[in-house]
Number of protein chains: 2
Amino acid sequence: MVPPTPAVPQGKRPTLADVAARAGVSTALVSIVMRDAKGAGAATRERVLEAAREIGYRPDARARLLRSHRSHLLGVQFGLQHPFHSDLLEGIYAVAEPAGYQIALSAVSAGRGEQRATDTLLADRCEALILLGPQAPTARLAELAGQLPVVSVARRLRGSVPGVEVVRTADDEGARQAVDHLVALGHRDIAHIDGGRAPGAADRRRGYRTAMNRHGLADRARVLPGGLTEEEGAAAARTLLAATPRPTAVLAFNDRCATGVLDILLRARVSVPDEISVIGFDDSHLARLAHINLTTVGQDIPRLAELAVGRAIARLEGAGTSGAETSGGDTSGADVPGGEAVVAPHLVVRGTTAAPVHLGPGGITPTHGSGARGASAGG
Amino acid sequence: MVPPTPAVPQGKRPTLADVAARAGVSTALVSIVMRDAKGAGAATRERVLEAAREIGYRPDARARLLRSHRSHLLGVQFGLQHPFHSDLLEGIYAVAEPAGYQIALSAVSAGRGEQRATDTLLADRCEALILLGPQAPTARLAELAGQLPVVSVARRLRGSVPGVEVVRTADDEGARQAVDHLVALGHRDIAHIDGGRAPGAADRRRGYRTAMNRHGLADRARVLPGGLTEEEGAAAARTLLAATPRPTAVLAFNDRCATGVLDILLRARVSVPDEISVIGFDDSHLARLAHINLTTVGQDIPRLAELAVGRAIARLEGAGTSGAETSGGDTSGADVPGGEAVVAPHLVVRGTTAAPVHLGPGGITPTHGSGARGASAGG
DNA sequence: TACCGTCGAACCGGTTATTTT
DNA sequence: CAAAATAACCGGTTCGACGGT
């Protein structure tokens, strides 16, 4: 019934003072050793480390940053239900931690708004904020930017908000690449299922329209209301199937949306890509699955993460310029401080796009495609 | 060029002392007012709040918890690539914050192991750890449990680890419900695509086998190696299609896996549920999509979250019992402190299960099903 | 003698500037 | 000058003490 004395006493965790007492030195010296700073002898250093190990000492991150004015803490707000944000987080960790910065996460979900998320990050004394796809009004972002550097990832802001940096993919360019690819294959009736008010949706829509115009296909352009989910893609696909003329290619807002489209086409026995080509956006894990094998526009997630973290750190370590030095129309993707960083997307061609069977009215009818792509029942 | 004086000075954020000076009171009093504690006059209270508002004061969470020995901080470790964890997190926030506890998140990903994740949580002075689907060896969990209360969610531990509480779904029971449902529909050739070494996989496998045995179908039981992803489900489905006899029903490890199966069946023109019934596990968003409409075993996520947080808080606020008081075989799902909390799953019947067309050798052949379920091209 | 509102000062666990040896 | 100790300090919380009904 008598439990053995636990190796580590539960009640109170060891402090600097405990280590100091055990090693027979002052707390200041222990602090020096723990931070691997200079100012301690080799022998003493060893003795202190030994003592710390013996009693299982761990520095208290909060007490530490209370004194040192730099906290080296980046606050990241993300949406729980967005796989894309998870990918970004992975990249953010990978860049921030080697650079000597810690990450404080704060999630946004149905029951927890952005206000609450950023409030806790501020209370945690983050030095800068990285917001993934924020939906907050511009005024709120400006308010935050008045207190600390703010980086908005994947959300474009109308007009520049002082103090807020934007890191995003060139969504219009991505849509253009998709349309160009389809046109090069011979498609003319290309529809777009859009993302409504989602971040990036407006740009993709515009990029689609612009590209169609440039190819002289303005009168064939069709934008259908869609969304971010399979469900919305499926709904739009049903509409498309009933449309006349039926499009020979579809650019969906993202991969999830495209997956919904594929599912409906499959059920309706419409062959992809022979009868209809489909393109997604994001190059998510989904798109890479062998049986989906989706042609898609890839976002350069590592680069987005690197830029977001880099911008935040640059603002912290550079001159403390308060105002925003908005850079004009420079969308080269270069790392221009104070402006907008735009990362180029790249088309990933997989199995859901091919030349159309009919090349439009009066066009050539090529040899019929090989039927269903990919896996049948074989082993 | 001269920017207007910012409302909130960038350089230094206001402190208690600033508020105190502005309101003409002591910092002690401001502290009392900010915490809404008793001991301050109504008039003063108002004046202090006003001053705080004017200069945009925010309490520093870390300095605060440095002094007060309770931090009211729960550390949560989760996997970035697990939608299931996202759902749990949503529930955890919903329970913890109203209970007066803050959440500190630490993500596990390819480049960031569990060791690192828990290390940062400890450095942040969390009072307890909630680990979602931890893969760490038992010894590591025991080590952590020696320092603070630990709750493992969805990972069952062989033998009880002192100080570690487990909150999980009765996975075996879920598999049993699925098999019972299929058998009641008339299925006998029921295959299981398992989850390998994933948390819960062993229990689901066992539940499947046990249920098959109980129905006298031991010799028909087939377990195929699968996994957590669509890809692995698709691979297993290809194997199944080639098998003789072909099963009339499949229980997949989870919904993603089941989706992969559905996709392959669809491509192979095998009608679901007429030719093959499919059941998933998790009742994820995926399963609820109209065009997927997957019969699945639902986990009670709000309940899991509630139990996980509840256990952690109970350990913190209850008597500081250090050792584990392992409760024996009580799997009633009741909230037994110190033991294992097992939450009952529930079958959600949707459109991917139905009576088989053939009732086995020599059985009745009912009227042929109506063909493809669900949406064709209609509007 | 009772509060009640308020204040000064010690304190939490570290870091850092300034001595001291 | 290097190694080590002393003490002030970060931004709050907490407690004992004090003046005024």
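So you know, we letter chains A, B, ... as the sequences are listed, proteins then strands, and number each from 1. Not measured: the values here are computed from a predicted model.
- Looking at E90(B) and R112(A), no side-chain N of the basic residue comes within less than 4.0 Å of a carboxylate O on the acidic one, giving no salt bridge.
- Residues passing the side chain to side chain contact (heavy atoms under 4.5 Å, CB included) test with R47(A), sequence neighbours excluded: V25(A), T44(A).
- At its two ends the helix from dA2(C)-dT21(D) to dT21(C)-dA2(D) runs along axes set 60° apart, each axis drawn from five pairs and the angle rounded to 10°.
- Counting any heavy atom pair closer than 4.0 Å across all strands shown, G39(B) reaches a base atom.
- Between I130(B) and Q77(B) the shortest side-chain heavy-atom distance does not fall below 4.5 Å.
- We find that R140(A) and D119(A) are joined by a salt bridge, their nearest charged nitrogen and carboxylate oxygen being less than 4.0 Å apart.
- A donor atom on one side chain and an acceptor atom on the other are not found under 3.5 Å apart for Y93(B) and R116(A).
- Ionic pairing of R13(A) and D18(A) is not present here: no N-O contact between side-chain nitrogen and carboxylate oxygen is shorter than 4.0 angstrom.
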Nucleotide by nucleotide, nucleotides 8-21 of chain D touches protein heavy atoms under 4.0 Å in the pattern (B base, S sugar-phosphate only, - none) BBBBBBB-------
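- Note on D36(B) versus R45(B): salt bridge recorded, some NZ/NE/NH1/NH2 to OD/OE distance being below 4.0 Å.
- A side chain to side chain contact (heavy atoms under 4.5 Å, CB included) with L129(B) is found for exactly one of V76(B), L141(B), L144(B), namely L144(B).
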